[in-house]
Amino acid sequence: QADPLSSYSRAWRPWGEIGFETRQTLGERQTQSLLRLGIKGTVRGRDQLNLSLDVRPGTGGLSGAQGARELRMQYDVYFDR
């Protein structure tokens, strides 16, 4: 089955993803959960607009790190070959 995020469709479709993300900075490795929600569809003709929101909860603990929210927008234009 094709990946719904990489396939082309003119219809506007919601999508979601739940998982874990691992980041390594200055020798410290951190794994946290990730919730990603979005919508993808065509704007005009042969193109795709993908809007998504990433939500990462805070790690808490002694560091007191807070969660993060990230809004993403990706616009692709497809040309006939």
Side-chain angles (χ1 to χ4, degrees):
Q1 194 175 55
D3 178 9
L5 296 180
S6 64
S7 60
Y8 175 80
S9 172
R10 289 183 180 260
W12 281 91
R13 296 194 172 129
W15 59 270
E17 184 177 24
I18 298 173
F20 292 97
E21 181 177 70
T22 302
R23 295 181 181 197
Q24 188 164 345
T25 57
L26 301 174
E28 183 180 330
R29 190 174 193 171
Q30 180 183 16
T31 301
Q32 63 184 143
S33 58
L34 169 67
L35 171 65
R36 185 173 287 153
L37 302 172
I39 187 165
K40 181 177 182 179
T42 188
V43 176
R44 195 167 77 188
R46 192 126 166 94
D47 60 358
Q48 288 279 282
L49 178 62
N50 185 4
L51 300 171
S52 65
L53 174 66
D54 292 3
V55 178
R56 295 174 187 86
T59 56
L62 296 175
S63 65
Q66 295 184 7
R69 283 147 188 73
E70 184 175 330
L71 182 61
R72 296 177 180 220
M73 181 178 81
Q74 179 178 340
Y75 182 71
D76 298 318
V77 177
Y78 300 99
F79 297 96
D80 292 333
R81 294 181 182 176

J.: For Gln24, is the CD atom crowded, meaning more than 12 foreign heavy atoms sit under 6.0 Å from it?
T.: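 It does: Gln24 CD has more than 12 such atoms within range.
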J.: Applying the 4.5 Å side-chain criterion to the ILVMFWY set and letting contacts propagate, would Trp12 and Met73 be lumped into a single cluster?
T.: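 Per the 4.5 Å side-chain linkage, Trp12 and Met73 are co-clustered.
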J.: Would you compute the distance between atom CZ of Arg69 and atom CG of Asp54 and round it to the nearest 0.5 angstrom?
T.: 11.0 Å
J.: Got more than 12 heavy atoms from elsewhere within 6.0 Å of CZ, Phe20?
T.: no
J.: CG/Leu37 to CD/Glu17 distance, rounded to the nearest 0.5 angstrom?
T.: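 So the gap between those two atoms works out to 10.0 Å.
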J.: Check Arg56, Arg36, Gln32 against Glu21 for a side-chain hydrogen bond (donor to acceptor under 3.5 Å, both in side chains) and give me the one that passes.
T.: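 Among Arg56, Arg36, Gln32, the one that satisfies the side-chain hydrogen bond (donor to acceptor under 3.5 Å, both in side chains) with Glu21 is Arg56.
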J.: Going from CG on Leu51 to CG on Leu71, what distance comes out if it is rounded to the nearest 0.5 angstrom?
T.: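 Here the interatomic distance stands at 7.0 Å.
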J.: Name the residue from Val43, Thr42, Val77 that meets the side chain to side chain contact (heavy atoms under 4.5 Å, CB included) definition with Gln48.
T.: Thr42
J.: Quick check for you: to the nearest 0.5 Å, what is the distance between Arg13 atom CZ and Ile39 atom CD1?
T.: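 Rounded to the nearest 0.5 Å, the CZ-CD1 separation comes to 11.0 Å.
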